Amino acid sequence: MKNNFQDSVNGMAHLFERGDVFSDKCPSRDILKHVTSRWGVLVLFALKDGETHRFSELRRKISGVSEKMLAQTLQALELDGFVLRTSYPVVPPHVEYSLTTLGLEVAVRVASLADWIEDNLTDILAQQSRSETLVS
């Protein structure tokens, strides 16, 4: 039995040599949204060490994320091919998450942005403070 979804994805892949995020019709926009969302960035950053993590470990590591948002984020990143979900047939259920090769590549890029923000946090906060003073 053929997988119609896989056929449509494979059929669509040959239509794009390169994405165009400025086009409202390009699927790269949705992928960019998944990668650069608040939780997407943090999931990729948390998994970038190459180790596998259980759902509960990720939830503890990413302070403030709800179970629902973490599950949705992991699912979106898995569908995009960035996250590998491995489920073990045991009781209680045991599921682990890790990055694919593609996921590791995008995680390195996201981590560079996060590192830059952390390195420049003092200057950014000072600018925000100056801007708030001007607005007040």
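Quick caveat: nothing in here was measured; it's all calculated off a predicted structure.
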**OP:** Can you sort out the partners of Tyr88 under ring-ring contact (aromatic ring centres under 6.0 Å, His included), two or more places apart, ordered by chain and number?
**Re:** His94
**OP:** Answer yes or no: is there a side-chain heavy-atom contact under 4.5 Å between Leu74 and Leu58?
**Re:** yes
**OP:** Check side-chain contact (heavy atoms from CB on, under 4.5 Å) between Ser37 and all other residues, then give those that pass, not counting sequence neighbours.
**Re:** none
Side-chain atoms of residues 60-70: list all donor-acceptor pairs with protein atoms under 3.5 Å, sequence neighbours left out, distances to 0.1 Å.
from, atom 1, to, atom 2, distance (Å)
Lys61, NZ, Ala46, O, 3.3
Ser66, OG, Met69, N, 3.1

**OP:** Before giving the answer on side chain to side chain contact (heavy atoms under 4.5 Å, CB included), spell out for Thr52 and Thr86 the whole-Å C-alpha distance, their side-chain angles and the decisive distance to 0.1 Å.
**Re:** CA-CA 9 Å; Thr52 60; Thr86 306; over 6 Å; no
**OP:** Sequence neighbours left out, what passes salt bridge (Lys or Arg N to Asp or Glu O under 4.0 Å) with Asp115? Give chain and number order.
**Re:** none
Original post:
Can you list every ring-ring contact (aromatic ring centres under 6.0 Å, His included) pair that touches residues 37-67, not counting sequence neighbours?
Top reply: none
Original post:
What pairs of residues pass the salt bridge (Lys or Arg N to Asp or Glu O under 4.0 Å) test when at least one of them lies in residues 32-53, not counting sequence neighbours?
Top reply: Asp30-Lys33
Subject >> Rounded distance (nearest 0.5 Å) linking atom CD of Glu105 with atom CG of Leu99 >> reply: 11.5 Å
Subject >> Contacts of type side chain to side chain donor-acceptor pair (under 3.5 Å), residue Gln127, not counting sequence neighbours >> reply: Arg130, Ser131
Original post:
So do the side chains of Leu47 and Val83 get within less than 4.5 Å of each other, counting heavy atoms only?
Top reply: yes
**OP:** Return the set of residues passing side-chain contact (heavy atoms from CB on, under 4.5 Å) with Ser87 (not counting sequence neighbours), or none when no residue passes.
**Re:** Arg85, Val95
**OP:** For Ser28, check side-chain contact (heavy atoms from CB on, under 4.5 Å) against everything at least two apart and list the hits.
**Re:** Val21, Cys26
Original post:
Can you list every side chain to side chain donor-acceptor pair (under 3.5 Å) pair that touches residues 70-83, not counting sequence neighbours?
Top reply: His34-Asp80
Subject >> Shared hydrophobic cluster for Leu32 and Val106 (ILVMFWY, side-chain gaps under 4.5 Å) >> reply: no
Original post:
With sequence neighbours left out, what residues match Leu121 under side-chain contact (heavy atoms from CB on, under 4.5 Å)?
Top reply: Leu125
Original post:
Heavy atoms, side chains only, cut-off 4.5 Å: are Phe82 and Leu104 in contact?
Top reply: no
**OP:** Among Ile, Leu, Val, Met, Phe, Trp and Tyr joined by side-chain contacts under 4.5 Å, find the other residues sharing a cluster with Ile124 and list them by chain and number.
**Re:** Leu113, Trp116, Ile117
Subject >> Gap between atom CG of Leu77 and atom CG of Leu84 - 0.5 Å precision >> reply: 12.5 Å
Original post:
Applying the 4.5 Å side-chain criterion to the ILVMFWY set and letting contacts propagate, would Ile31 and Leu79 be lumped into a single cluster?
Top reply: no
